[in-house]
Amino acid sequence: YIPVFFFLVKIFNKYDYKGPYIFMEKGLLILYHLITGNSFRDMEDFIPSSSFHEIYKQFWDDNKNELNRLFTELLENINFMFPIRKNKNEELTDDEILYNETFGSFRSKIENYFGILGNKFKRFNNNERNCKITDIKTYNIQLKLVLLLLNIKKFVDIYNIPIKPNHILWSNENFNYPNPNKEINNII
């Protein structure tokens with residue numbers, strides 16, 4: 001939610017876009033197009049291609065130099081990685097204090113998730129050995145699978161979903177899938 005809000009408030013609203021659609025809808029369509037890589041034709045599921053082309057042109061083409069300057073400025077001046085340091089003999093503002101508290105909380109959560117990830121899946125544990133990547137596509141698929149499995153585990157824990165015998169069959173030393181005899185009872 002926060003990246004979308006940032007895009008709509010800090011980037012998209014810098015300009016006026018003519019046309020019949022609501023401002024936020026226009027911004028969401030530009031962002032959706034940017035994220036999905038959909039062609040203008042694919043965007044016809046949401047808006048006529050001629051209307052989308054006009055919004056696209058107004059945002060990207062008419063403001064190309066200004067957007068380049070804005071993105072450069074935002075990336076150089078917005079601190080996404082470090083807490084704000086206090087200057088000597090100066091107090092932090094309330095906004096800076098809030099940023100540091102939020103940042104610290106967020107960073108702790110991220111580090112905690114990486115710890116869980118590394119403890120559950122040795123492939124992603126950088127403490128025991130270097131995590132070598134020879135094929136980025138394979139690595140990304142592995143990471144997505146691991147995140148999916150961790151989310152399923154979290155879902156099971158939150159909603160107290162009972163673990164049934166067939167859920168733990170894979171942990172049995174004699175487990176074979178698919179079982180040639182199509183029998184489960186002899187494995188349990």
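Quick caveat: nothing in here was measured; it's all calculated off a predicted structure.
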Student check: side-chain heavy atoms of [X] and [Y] closer than 4.5 Å:
X: Ile116; Y: Asn112; result: yes
X: Phe59; Y: Leu67; result: yes
X: Met43; Y: Tyr56; result: no
X: Ile84; Y: Ile97; result: no

If you take all heavy atoms of Phe40 and His53, which pair is closest and at what distance?
-> CE2-CD2, 2.9 Å
Please report the closest heavy-atom contact between Gln58 and Asp16, naming both atoms and the distance.
-> OE1-O, 3.8 Å
How many angstroms lie between [atom1] in [X] and [atom2] in [Y], if you round to the nearest 0.5 Å?
X: Asn100; Y: Arg85; atom1: CG; atom2: CZ; value: 8.0 Å
X: Lys86; Y: Glu91; atom1: NZ; atom2: CD; value: 4.5 Å
X: Asn119; Y: Phe114; atom1: CG; atom2: CZ; value: 13.5 Å
X: Glu90; Y: Glu96; atom1: CD; atom2: CD; value: 8.5 Å
X: Tyr17; Y: Glu54; atom1: OH; atom2: CD; value: 12.0 Å

What's the verdict on side-chain contact (heavy atoms from CB on, under 4.5 Å) for Trp60 and Ile30, showing C-alpha distance, side-chain angles and the deciding distance?
-> CA-CA 9 Å; Trp60 291 111; Ile30 287 288; 4.1 Å; yes
Ion pair check, Glu66 and Arg69, cut-off under 4.0 Å =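 The answer is yes: the pair qualifies as a salt bridge.
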Can you tell me if CG on Asp94 sees more than 12 non-hydrogen neighbours from other groups inside 6.0 Å?
-> no
Report the residues that fulfil side chain to side chain donor-acceptor pair (under 3.5 Å) with Lys57, sequence neighbours left out, ordered by chain and then residue number.
->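 Testing Lys57 for side chain to side chain donor-acceptor pair (under 3.5 Å), a comparison that skips the adjacent residues, returns none.
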Which residues pass the side chain to side chain donor-acceptor pair (under 3.5 Å) test with Asp42, sequence neighbours left out?
-> Ser39
Let me see the working for Phe46 and Glu25 under side-chain contact (heavy atoms from CB on, under 4.5 Å), right down to the final yes or no.
-> CA-CA 10 Å; Phe46 312 104; Glu25 291 174 342; over 6 Å; no
